[in-house]
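I have placed the structure first, in the form of structure tokens, so that the comments after it can refer back to it.
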Amino acid sequence: MATPALSAFSAMSLLSLGYLTWDWKSPNQAENPSANTLPGAHPPHVIFIMTDDQGFNDIGYHNSDIKTPTLDKLAADGVKLENYYIQPICTPSRSQLLTGRYQIHTGLQHSIIRPRQPNCLPLDQVTLPQRLQALGYSTHMVGKWHLGFYKKECLPTRRGFDTYFGSLTGSVNYYTYRACDGPGVCGFDLHEGETVAWGQEGKYSTHLYTQRVRKILAAHDPRGPPLFIYLSFQAVHTPLQCPREYLYPYRDVGNVPRRKYAAMVSAVDEAVRNVTYALRKYGFYQNSVVVFSTDNGGQPLSGGSNWPLRGRKGTYWEGGVRGLGFVHSPLLRRKRRVSAALVHITDWYPTLVRLAGGNASAAEGLDGYDVWPTISEGKESPRSEILHNIDPLYNPARSGSLQRGFGIWDTAVQASIRAGDWKLLTGDPGYGDWTPPPVLPSFPGGWWGLERHTQPRKSVWLFNISGDPYERFDVAEQRPDVVKRLLARLAYYNRTAVPVRYPLEDPRAHPDLNGGAWGPWFGDGEEDTWDGVSRRRTKDRKETLQMAKTKSFFRRLNSRMMSNRI
């Protein structure tokens, strides 16, 4: 298959690797429109659709092998965001969407929130739905939460949503809604508001969530309070499950995980078609804004593909952090185009607050920008820099040191930042290969061992992303001046970081102690007993040693799993 072209880069000149500068402004310094840029007096209805683990190459307009006619048409008639960034894993992306802040400013900069951790999106953060509620919106969430639930104050209905229907953990069975957090630690995870929604077993979650959104639209007067619906599909996250009828178009795909994965993407496409049909049927469409976004890169081990980008889910290479995204709306002033403007998932918070008639600058400390003029009118993006993350608890790179960071930054620390055309990575950015779509029946098997690993004894990488979007030419040694600048930016951001929130697991969270379902286990008024300082580093080192001992075992296990037939 030919390498697909990235339309964003066709709109951008392939700059040489010469000296470049950029002007950095904080969000509060950036210019904001003085008034709502929409022509109508009634605030728009907003439908934010998020998919889970959908790779950059897993949509029809990037890869014709994937059949997504609805998403393709919505994107073609709207604005495709081809320079759009998310986070490499679930919890951080969702936290940034709902707070407009980098995870170093919410304490969620390390890993995800585990089901048994007494942790959640910090309660002192004013969320996007809370802001929209204050502006008169009716707010609803359907689908995957994954922002913590150890006490009731953490639940979606306490964080700004009038209604909630979905799963609280990170991964559930699509039919039984059973979620496990280790051997024997399993429970039911489907909730209606703050109660367990028993009796829905056997219904495919993508369909179930779509039906709920349609019911919300059918019951609401489009001339009444504006709607904000956050539809957070668990698809296409593992386990790879879908009704058999979606598999038929991919019957010739030899790789079974890829076949199932592609079928799940098509099921999502049909779901989005049904949602947009309901918007038209019930009178919402003409005054609506539909945003589509992935939460992180795809996982090739589970059928996903980020080709031709480097890396995968869980890494800070482009394949982990460059997301699929588009906006579709009759209210766009310049439609049917591709935008190469720099946009980040934190930008949705101030952008949607502004569309709702609010003032995003009223919330201090936002890391996001109002990008509606950029999206709707094609104006220059107010954003020139993205902090991908700083994770002080991730396994330090053995070759990294403060000395290698010119005395500015300890390059053993996992971190990544983009400024202008430049992207810097330090520490261990994750598995960094260019993985073609998994089409061979035996993938990964022996093919996985043919991948190219990142260079040993290295802890700093620098790329000109505009000219080298696939991260093939590391110029860290040639451009120490740029490296120093970006290391200084990392040091600046690190001074603003709050302590990491990553507590030890609480045995009281076990579903067997809570009626067989996942849900809050802290009592009303019970105080947190942890000090907010994670003790994960030691555990990570032990896990690294254990991983080294079992590496060959899991390689063989993955080979067997991936060759299973339906």
Side-chain angles (χ1 to χ4, degrees), residues 3-4 6 8-9 49-63 66 68 71 80-97 103 111-112 144 146 170-171 232-238 240 257-258 261-262 264-265 268 292-326 342-346 386-389 391 394 414-418 423 425 428-438 443-444 448 451-452 454 461 463 465 469-472:
T3 300
L6 297 183
F9 303 115
I49 301 172
M50 177 174 279
T51 56
D52 197 347
D53 288 9
Q54 185 177 1
F56 189 83
N57 194 39
D58 296 329
I59 197 165
Y61 61 78
H62 283 170
N63 177 8
I66 301 295
T68 53
L71 296 177
K80 296 178 186 175
L81 304 177
E82 294 289 77
N83 207 8
Y84 172 56
Y85 285 88
I86 48 180
Q87 289 302 300
I89 49 178
C90 308
T91 296
S93 284
R94 295 161 200 279
S95 71
Q96 292 189 353
L97 168 66
Q103 63 249 50
S111 191
I112 60 173
K144 175 178 172 177
H146 207 185
S171 175
S232 176
F233 288 113
Q234 73 172 96
V236 287
H237 195 290
T238 54
L240 300 180
R258 182 62 172 170
Y261 180 98
M264 294 167 70
V265 174
V268 168
F292 180 86
S293 171
T294 50
D295 69 339
N296 48 248
Q299 173 56 279
L301 282 168
S302 301
S305 175
N306 305 302
W307 182 261
L309 301 179
R310 184 176 185 175
R312 63 192 188 196
K313 173 184 177 179
T315 75
Y316 288 94
W317 304 109
E318 290 292 283
V321 298
R322 187 186 286 267
L324 295 173
F326 65 79
L342 194 62
V343 177
H344 187 249
I345 193 168
T346 56
I386 294 173
L387 176 68
H388 292 303
N389 195 26
D391 186 348
Y394 193 80
Q414 185 192 65
S416 181
I417 188 171
R418 174 169 173 174
K423 177 182 176 182
L425 304 100
D428 179 2
Y431 198 79
D433 190 34
W434 298 265
T435 309
F443 183 88
W448 199 251
E451 289 197 335
R452 298 168 295 279
T454 55
W461 295 261
F463 301 96
I465 291 299
Y470 312 132
E471 298 172 296
R472 294 188 178 274

Open item on the list: Run the side-chain contact (heavy atoms from CB on, under 4.5 Å) test on Leu425 and Phe463 for me, step by step, so that the C-alpha distance in whole Å, both residues' side-chain angles and the decisive distance to 0.1 Å come before the verdict.
Closed with: CA-CA 9 Å; Leu425 304 100; Phe463 301 96; 3.7 Å; yes
Task: CA sep, side-chain torsions, deciding dist, call: His62, Lys80, side-chain contact (heavy atoms from CB on, under 4.5 Å) - done: CA-CA 11 Å; His62 283 170; Lys80 296 178 186 175; over 6 Å; no
Open item on the list: Before you tell me yes or no, could you show the steps for Ser232 and Arg94 under side-chain contact (heavy atoms from CB on, under 4.5 Å), namely the whole-Å CA-CA distance, both residues' side-chain angles and the distance that decides it to 0.1 Å?
Closed with: CA-CA 10 Å; Ser232 176; Arg94 295 161 200 279; 2.6 Å; yes
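Judged purely by distance below 3.5 Å, without hydrogens or angles, the side chains of Ser305 and Asn57 pair a donor atom with an acceptor atom. If you check the side chains of Tyr261 and Gln54, you find no donor sitting under 3.5 Å from an acceptor.
Note that the CG atom of Leu324 and the OG1 atom of Thr68 stand 9.0 Å from one another [nearest 0.5 Å]. If you take CZ on Arg312 and CD on Gln299, they are separated by 5.0 Å, rounding to the nearest 0.5 Å. Put simply, OG1 on Thr315 and CG on Asp428 are 10.0 Å apart, with the number rounded to the nearest 0.5 Å. The NE2 atom of His344 lies 8.0 Å from the CG atom of Leu387; values are rounded to the nearest 0.5 Å. Atom OG1 of residue Thr346 and atom CD1 of residue Ile86 lie 12.5 Å apart, to the nearest 0.5 angstrom. Note that the OG1 atom of Thr91 and the CG atom of Asp295 stand 9.5 Å from one another [nearest 0.5 Å].
With respect to Asp58 and Arg258, a salt bridge is recorded, a charged nitrogen being found less than 4.0 Å from a carboxylate O.
Screening Tyr84, Phe326, Phe233, Tyr61 for a ring-ring contact (aromatic ring centres under 6.0 Å, His included) with Phe292, the sole residue that qualifies is Phe326. A side chain to side chain donor-acceptor pair (under 3.5 Å) with Asp52 holds for exactly one of Lys144, Gln234, His237; it is Lys144.
Judged purely by atom type and a 3.5 angstrom limit, Arg310 has no side-chain atom pairing as donor or acceptor with the backbone of Gly320.
Contact annotation: the side chain of Tyr85 never approaches that of Val343 to less than 4.5 Å [non-hydrogen atoms, C-beta and beyond]. Side-chain atoms of Lys423 and Val321, non-hydrogen and from C-beta on, do get closer than 4.5 Å to each other. Residues Leu342 and Asn83 have side chains in contact (heavy-atom distance under 4.5 Å, counting atoms from C-beta outward). Taking 4.5 Å as the limit, every side-chain heavy atom of Leu309 sits out of range of all side-chain heavy atoms of Trp317. The closest side-chain heavy-atom distance from Asn296 to Asp53 is below 4.5 Å.
Minimum interatomic distance between Val236 and Leu240 (heavy atoms only, all atoms of both residues): O-CD2, 4.2 Å. Nearest heavy-atom pair across Leu97 and Met50 is CD2-CE, 4.0 Å. Across every non-hydrogen atom of Pro308 and Tyr470, the tightest pair is CG-CE2, 3.3 Å.
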